[in-house]
2 protein chains.
Amino acid sequence: MSALTNAIEILRCFSSARPDLSFADVMALTGKPKSSTSRLLRSLRDCGLLEQDPHTRRYRPGLLTFELGRLHRAHDDLISMAERELREVCARTGHTGYIAVLDGYEQVVLRIVPGSNPLRVVNPPGQRTPALATSNGRAMLARLSDDDIRARVPATYPKLPRNSPQNFKQLITRLDEIRRTGVSEAADESIEGVGSQGFALKSGETGEMIGIAVSYSVQATTAAERANVRRELAAMAAKLRRLTGDPLDQDTARIQTGTR
Amino acid sequence: MSALTNAIEILRCFSSARPDLSFADVMALTGKPKSSTSRLLRSLRDCGLLEQDPHTRRYRPGLLTFELGRLHRAHDDLISMAERELREVCARTGHTGYIAVLDGYEQVVLRIVPGSNPLRVVNPPGQRTPALATSNGRAMLARLSDDDIRARVPATYPKLPRNSPQNFKQLITRLDEIRRTGVSEAADESIEGVGSQGFALKSGETGEMIGIAVSYSVQATTAAERANVRRELAAMAAKLRRLTGDPLDQDTARIQTGTR
DNA sequence: AAGGCAGTTCCAAATTTCGGAACCTTGTCC
DNA sequence: GGACAAGGTTCCGAAATTTGGAACTGCCTT
């Protein structure tokens, strides 16, 4: 195991649920002996990847991660183009918009567009959630082959909220529905009372894929309003697919005929 | 040289001026042989610290840095308190506010508060600049001992804009002035036509230090307006020093008597 | 005074990394 | 179609680093 692997193992212990860790936390989470933890933590601190609160002595991501994080896809065409369109939809509908990328079977929020409707933002940028339990996450998964999906989902299927697919078969059924209808919807999954609709966008040039969703309160919206969101999203998807040269049709054909 | 050191050396090559790098760029910037660069770049990509544009093959900071960078903001206390106060001052004066931290002889922008006056924001969060050439950067340096400052400034004094201190002696003279008057001012340094005033804030509890500045167009402000900014900043500094238990007086005494 | 936390330091053994050279794959130019 | 460059990958023995157990330090709380 290389020094870098060990370092990453420590860095991956941090999350929004655990934004800072004590020496003992890191030891417990990595299962490494004290001396190794000590050395590694010191290296990470010295190089700026971690910093240490001088008062509580706890460790947290450092200045270097802040700097690099600001650089991440700072001028990514696909994302900024999608963000621009999403802003307009959110301004018209008043709902909250999200842009996320897929990482394994999880997604990470990249951008958020707060709506005018009062709905607490619970998923700030950087937030990591199972893609299986969100509308845009499933929309992204739906564009992968079943084999690829199987490779991403952990051997023991994760415990998800009530309304999310509870096993691999249910997931595939749900993804097939998205592939057929082109619509991905979620309600009362990750967060009680919150629903969303989303789609996946893939650049024809770079092949990178992002998931775009609009999120709203289930109680505070009518079926007509949700249908309006569906129309808005369909129009936005069509426009963005044209602009980015999304190879959707070829993809769908390949998946349906089982090629590749 | 450890694997981690090498990895960091690569990560530090990225900046807002160079948000993505090609294989050859990295080789040139680190001076490492091809095989080492290849191995390292691959490790960094595999672990998520870097990602590679599938089209251009260039490398850029990865998803992991984005996630960790968002977490870094968790260490709020001192910064959020300062940001709240700065927002009020900027709202009243219409100028742009900055909060930065010191790292070696450079500073990194953490927060920016855009003012109502039209002044293009050229220093977004994450921006790294020599602290020697900014008002809040010098204010932070002024709170260190001369020995500490000497250790931070590179052996060959960096080339700075015309109005910044041009050598170590000029720098110390300027810092002594800040120590005496408690006021740090800059004009026409990093950016032509832009001036700023700033101060340094140090938490009595944790000892962490940040630099706070208000920035304006030199041409578009009168001497009276700049005096007003000075008053606003002095009031803000006094309030924040009280709130955070800034040990300014003791520090100054220690430096002046040469203790520690 | 004892005990826990958070480290640090030591050391020989085990594992990684290092860099030069040869090889491979794509895309571009002539 | 062939040459060339960019951007890598793979190989290998020598050299450097990492590893983990154990003993030792401070500091703080009980």
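Quick note on labels: first sequence line is chain A, next is B, and so on, each numbered from 1.
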Only residue of A/Arg128, A/His72, A/Gln127, A/Arg12 satisfying side chain to side chain donor-acceptor pair (under 3.5 Å) with B/Glu67 is A/Arg128
Separation between CD (A/Glu51) and CZ (A/Arg45), nearest 0.5 Å, reads 11.0 Å
In whole angstroms, the gap separating P of C/dC18 from CG of B/Leu40 amounts to 7 Å
Under 4.0 Å between a Lys/Arg side-chain N and an Asp/Glu carboxylate O for B/Arg241 and B/Asp246? yes
Per-helix bend value, the helix from C/dA1-D/dT30 to C/dC30-D/dG1, C1' rotation axes over five pairs per end, 10° rounding, shows 40°
Taken to the nearest whole Å, CD1/B/Ile8 to C1'/C/dT17 is 17 Å
| said: Quick one, B/Thr5 and B/Ile8 - any side-chain contact, counting heavy atoms below 4.5 Å? | reply: no
Looking only at C/dT8, D/dG20, D/dG8, the nucleotide nearest the B/Tyr59 side chain is D/dG8
Identify the pairs formed between an N or O of the protein and an N or O of nucleotides 2-4 of chain C at a distance under 3.5 Å, and give each distance.
none

I'd like a table of atom pairs between the protein and nucleotides 12-18 of chain D - only N or O on both sides, under 3.5 Å - with the distance next to each one.
from, atom 1, to, atom 2, distance (Å)
D/dT17, OP1, B/Met1, N, 2.6

Do A/Leu71 and B/Arg60 have side chains that get closer than 4.5 Å, going by heavy atoms? no
d(B/Arg87 CZ, B/Arg111 CZ) to nearest 0.5 Å is 9.0 Å
For A/Phe14 and A/Tyr59 the tightest heavy-atom approach is CE2-O, 3.2 Å
request  = Could you tell me whether A/Asp148 and A/Arg152 make a salt bridge, using a distance below 4.0 angstrom between a side-chain N and a carboxylate O?
outcome  = yes
### Query
Is B/Ser35 near enough to C/dG20 that one of its side-chain N or O atoms lies under 4.0 angstrom from OP1 or OP2?
no
Within residues 45-53 of chain B, those residues having any heavy atom closer than 4.0 Å to DNA chain D are B/Gln52
From CE of B/Met27 across to C1' of D/dT9 the rounded distance in Å is 14 Å
To the nearest angstrom, the CG-P distance between A/Leu44 and C/dA6 comes to 17 Å
* Asked: Does the pair A/Arg150 and A/Asp146 meet the rule for a salt bridge (Lys or Arg N to Asp or Glu O under 4.0 Å), with working shown?
  -> CA-CA 6 Å; A/Arg150 202 182 309 275; A/Asp146 286 4; 5.6 Å; no
Is the backbone of B/Leu132 close enough, under 3.5 Å, to the side chain of B/Arg138 for a donor and an acceptor to pair up by distance?
yes
For B/Arg57, is there any backbone N or O sitting under 3.5 Å from a side-chain donor or acceptor partner on B/Gln52?
yes
Residue pair A/Ala24/B/Lys32 against DNA chain C: nearer the 5' end by closest nucleotide is A/Ala24
In whole angstroms, the gap separating C1' of C/dA6 from CG of A/Leu21 amounts to 15 Å
query: Short question: side chain of A/Arg58, backbone of A/Asp20 - any donor-acceptor pair under 3.5 Å?
result: yes
Exercise. Ignoring hydrogens and angles, state whether a donor on the side chain of A/Asn136 or A/Thr134 is under 3.5 Å from an acceptor on the partner side chain.
Key: yes
Once base and sugar-phosphate atoms are separated, protein heavy atoms under 4.0 Å mark nucleotides 23-30 of chain D, 5' to 3', with B, S and - as --------
When you check the phosphate oxygens OP1 and OP2 of C/dC18, does a side-chain N or O of B/Ser36 lie under 4.0 Å from one of them? no
From CZ of B/Arg57 across to C1' of D/dG7 the rounded distance in Å is 7 Å
message = Tell me whether the count of non-hydrogen atoms from other residues, nucleotides or ligands lying under 6.0 Å of CZ in B/Arg18 goes above 12.
response = no
Just the table, please: protein N/O against nucleotides 27-29 of chain C N/O, every pair under 3.5 Å.
none

- Under a 4.5 Å cut-off applied to non-hydrogen side-chain atoms, are B/Leu63 and A/Leu110 in contact? yes
Donor-acceptor pair between B/Thr30 and B/Glu9 side chains, under 3.5 angstrom
no
Checklist entry - Would you say the side chains of B/Asp25 and B/Ser22 form a donor-acceptor pair under 3.5 Å? => result yes
(message) Would you say that B/Lys32 contacts B/Leu40 through its side chain, given a criterion of any heavy-atom pair below 4.5 Å between the two side chains?
(response) no
Open item on the list: Is any side-chain heavy atom of B/Ser36 closer than 4.5 Å to one of B/Asn6?
Closed with: no
